[in-house]
Amino acid sequence: MKQHLCLPCPHCPASTPANRQRGMAVIAALVVVAAAAVAAAAIMQRQALLADTLVSERDRTQADWLLRGGLDWARVILFNDARRNPVTRKDSIWSQPIAGLEVSTPDGRQKAYFSGQIEDEQGKYNLWQLAAQGVVQPRELAILERLMESLAMPAALPANMASRVAQSQAGPQHEQLAPGLRTMADLVGVEGMSPDIANVLSAYVTVLPQKTSINVNTASAEVLSASIPGLDLVKARDLTGLRDRGLWFNSRGDFVNRLDNPRIARDSNLGVRSDWFKVTGQVALNDSLSRIQALLYRQGSKPPSIRWIEG
């Protein structure tokens with residue numbers, strides 16, 4: 001039996017105006033329901049995103065508080081070290097890094113993980129000494145050139161770095177021409193200085209706001225050899241090797257007496273005690289990772305002060 005397809009026509013009941021209006025109303029209702037569903041889904045998505053953002057912000061804030069606590073930890077350790085030890089040595093408690101230390105958040109509901117390290121900045125060459133009142137110092141530039149040569153760095157880099165340091169200082173005849181320097185990252189952009197090179201050099205050079213001595217108990221062989229004209233790298237490595245095995249230097253004179261030719265250290269600015277330290281730390285809390293870096297200065301019997309802090 002054949003079926004016939006019914007086509008709308010003016011005489012069909014389904015084609016009456018009332019039926020057409022009802023059909024349009026149903027379609028309109030479906031459109032409204034669909035639009036409402038889409039809007040509701042969008043609102044829920046935004047609320048979920050806002051909730052995640054608030055949780056992340058809470059975690060970040062708590063991690064920042066824990067980092068501040070880590071900075072206070074570093075200050076206490078350095079303060080106690082200054083009271084107990086007349087010299088600054090690499091075998092002291094302050095030099096031991098902390099990795100993955102479990103700590104509780106301020107509300108006690110979550111666990112975070114703290115890692116931190118204190119570095120003796122006077123075991124490095126102080127770039128600030130490359131210039132005085134905006135004028136490059138040839139003797140200091142020669143020290144940096146020897147250091148850069150031992151590290152196989154570009155030959156033109158020391159002069160470029162010295163020029164940048166000079167520009168960051170004001171002098172009697174000119175104003176400061178460039179922003180001040182804090183870390184090696186501030187030197188990225190100097191011709192020949194890439195982020196990778198800056199990262200390598202951060203273990204050997206630093207930027208401190210005043211003239212400082214080299215601590216022979218914490219300096220690397222490369223820094224010692226560069227700082228003392230006539231001390232070759234092989235001899236410097238022998239000295240640091242014996243030192244790190246427990247034969248620490250008790251005074252500047254003790255170090256000089258162990259040189260084959262003590263006279264070569266006559267004009268070198270050397271010491272066995274440090275006042276400047278860099279603290280780096282990070283806290284991992286859930287998916288939040290916060291970092292901090294600070295420069296500490298300790299003087300006499302006072303607790304170390306914070307000279308700058310970056311987060």
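Here, residue 1 is the first one in the sequence, and each next residue gets the next number.
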Evaluate salt bridge (charged side-chain N to carboxylate O under 4.0 Å, His left out) for R237 paired with E222, printing each intermediate quantity in order. CA-CA 8 Å; R237 285 174 175 162; E222 290 82 2; 3.5 Å; yes

Determine, step by step, whether R182 and E310 satisfy the salt bridge (charged side-chain N to carboxylate O under 4.0 Å, His left out) criterion, reporting the C-alpha distance in whole Å, the side-chain angles of both residues, the deciding distance to 0.1 Å, and the verdict. CA-CA 10 Å; R182 283 186 174 181; E310 294 179 352; 3.7 Å; yes

Counting distance only, does the side-chain N/O of [X] pair as donor-acceptor with the main-chain N or O of [Y] below 3.5 Å?
{"X": "Q293", "Y": "K278", "answer": "no"}
{"X": "S268", "Y": "S227", "answer": "yes"}
{"X": "S95", "Y": "K90", "answer": "yes"}
{"X": "S163", "Y": "N160", "answer": "no"}
{"X": "Q117", "Y": "P97", "answer": "no"}
{"X": "Q133", "Y": "G171", "answer": "no"}

same_hphob_cluster([X], [Y]) at 4.5 Å side-chain heavy-atom cutoff:
{"X": "V223", "Y": "F249", "value": "yes"}
{"X": "L181", "Y": "L130", "value": "yes"}
{"X": "W128", "Y": "M184", "value": "no"}
{"X": "L78", "Y": "L71", "value": "yes"}

Nearest heavy atoms of [X] and [Y], plus distance in Å:
{"X": "A162", "Y": "V136", "result": "O-CG2, 3.8 Å"}
{"X": "A82", "Y": "R273", "result": "CB-NH2, 3.5 Å"}
{"X": "S225", "Y": "L231", "result": "OG-O, 2.7 Å"}
{"X": "D267", "Y": "R139", "result": "O-NH2, 2.9 Å"}
{"X": "Y204", "Y": "S220", "result": "CD2-OG, 3.5 Å"}
{"X": "P304", "Y": "L296", "result": "CB-CB, 4.3 Å"}

With rounding to the nearest 0.5 angstrom, report the [atom1] to [atom2] distance, [X] to [Y].
{"X": "S194", "Y": "L157", "atom1": "OG", "atom2": "CG", "value": "9.0 Å"}
{"X": "N217", "Y": "T240", "atom1": "CG", "atom2": "OG1", "value": "11.5 Å"}
{"X": "I306", "Y": "R75", "atom1": "CD1", "atom2": "CZ", "value": "5.0 Å"}
{"X": "I93", "Y": "Q96", "atom1": "CD1", "atom2": "CD", "value": "8.5 Å"}
{"X": "N126", "Y": "T212", "atom1": "CG", "atom2": "OG1", "value": "4.0 Å"}
{"X": "N85", "Y": "N80", "atom1": "CG", "atom2": "CG", "value": "10.0 Å"}

How far apart are the C-alpha atoms of E149 and R146, what are their side-chain angles, what is the distance that settles it, and do they pass the salt bridge (charged side-chain N to carboxylate O under 4.0 Å, His left out) test? CA-CA 5 Å; E149 182 179 1; R146 290 194 294 270; over 6 Å; no

Check F277, W308, W276 against Y297 for a ring pair (Phe, Tyr, Trp, His ring centres under 6.0 Å) and give me the one that passes. W276

Measure the shortest side-chain to side-chain distance between [X] and [Y] over non-hydrogen atoms and say whether it is less than 4.5 angstrom.
{"X": "L224", "Y": "I214", "result": "yes"}
{"X": "E119", "Y": "S202", "result": "no"}
{"X": "E145", "Y": "I143", "result": "no"}

Side chain to side chain contact (heavy atoms under 4.5 Å, CB included) evaluation trace for T88 with W94: CA-CA 10 Å; T88 304; W94 64 263; 3.7 Å; yes

